Amino acid sequence: KRRKRKGLERELSPEAFAPISEVLFPCRDGQLIWLEQKTNIVTDSEGKVVALEGIARDITSRKQAELNLKIKTEELHKYFTTSLDLLSISDVAGVFLRLNPEWEKVLGYPIDEIEGKRIIDFVHPNDVDKTLEALSLLAEQKEVSNFVNRFRTSTGSYRWIEWRSYAAGRKVYSAARDITDRTEANFLKDTVYKIAQASESVSNLQSLYKEVHTIIAEVMPAKNFAI
């Protein structure tokens, strides 16, 4: 008994005692509820524990809300990291805050080399102005859909990216897709069509060569192009 008493006194000593604790408490009907207990130790003039005084309150609703938030956060994390789309969170100034792994697959940069950088730093020079206009719209809390620009990859080439973005306060949430293959296929189709039209409208080969050169220059550098 003395050993048990000493052990109990040691557990209830002011140094070892936790004044606030959360515990699961069984009710009479078998249901479990969460209680937050606030307890104070009462000691005598010699510092010995003579009593405990405290209060408890039901925090089941709060604990359930915390659990629901944790589940939701985990679900969002799984969606963010496994989506095949290019997902990003940036600020209205156009600085990347967070990106999912698909960005690394498409652009070739490690994610930590993109996060914290300005979107403009990766945009094709010819697309900078319209990208700044889109960012201005987002800063005004307007949604931007079906916006297309070109992003520089780690190899120096560019990929065509189609965006859908909306702002919520100071943050911008975006879902984008790499449409390079589709865009280049359309360019090729249009180029072939324009060349076919040119072959029917010009009167001689020299004029045709000149027209073809002009058409090719619209989709690729053609300074040294020759037929």
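Because the structure is a prediction, the values reported are computed rather than measured.
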(request) Measure the spacing between CG of D178 and CG of D85 and express it to the nearest 0.5 Å. (result) 11.0 Å
(message) Strictly distance-based, threshold 3.5 Å: is any side-chain N or O of T180 a donor or acceptor partner for the main-chain N or O of W160?
(response) yes
(message) Can you confirm whether more than 12 heavy atoms, excluding those of I55, are under 6.0 Å from its CD1 atom?
(response) no
(request) Count the heavy atoms of every other residue, nucleotide or ligand shown that sit under 6.0 Å from NZ of K130, and state whether that count exceeds 12. (result) yes
(message) What I'd like to find out is whether the side chain of F151 reaches to under 4.5 Å of the side chain of D127, using heavy atoms alone.
(response) no
(request) Using the rule that two of Ile, Leu, Val, Met, Phe, Trp, Tyr join whenever any of their side-chain heavy atoms come within less than 4.5 Å, decide whether L107 and L87 are in one cluster. (result) no
(request) Report yes if the side chains of T60 and K63 come closer than 4.5 Å at any heavy-atom pair, otherwise no. (result) no
(request) Could you tell me which residues satisfy salt bridge (Lys or Arg N to Asp or Glu O under 4.0 Å) with K105, sequence neighbours excluded, listed by chain and number? (result) E102
(message) Return the CG to CD distance between L35 and E22, rounded to the nearest 0.5 Å.
(response) 10.0 Å
(message) Among residues at least two apart in sequence or on other chains, which ones pass side-chain hydrogen bond (donor to acceptor under 3.5 Å, both in side chains) with Q31?
(response) none
(message) If I take atom CG from residue N100 and atom OG from residue S83, how far apart are they, to the nearest 0.5 angstrom?
(response) 6.0 Å
(message) Testing the 3.5 Å rule here: is there a donor-acceptor pair between the side chains of T155 and S157?
(response) yes
Residues 162-175, side-chain donor-acceptor partners within the protein, below 3.5 Å, at least two apart:
| from | atom 1 | to | atom 2 | distance (Å) |
| --- | --- | --- | --- | --- |
| W163 | NE1 | N149 | OD1 | 2.9 |
| S165 | OG | S174 | OG | 2.7 |

(request) Just do the side chain to side chain contact (heavy atoms under 4.5 Å, CB included) check on D112 and K117 with the steps written out, would you? (result) CA-CA 9 Å; D112 58 5; K117 301 289 180 58; over 6 Å; no
(message) To the closest 0.5 Å, what do you measure between OG1 (T183) and CZ (R159)?
(response) 9.5 Å
(request) Indicate the ring-plane relationship of F122 and F96, choosing parallel, tilted or perpendicular according to the 30° and 60° boundaries. (result) tilted
(message) Is there a path of hydrophobic side-chain contacts, each under 4.5 Å between heavy atoms, that joins I179 and Y158?
(response) no
(request) Kindly compute the distance separating CD1 (I120) from OG1 (T131), expressed to the nearest 0.5 Å. (result) 5.0 Å
(request) Starting at CG of D91, measure out to CG of L138 and round the result to the nearest 0.5 Å. (result) 11.0 Å
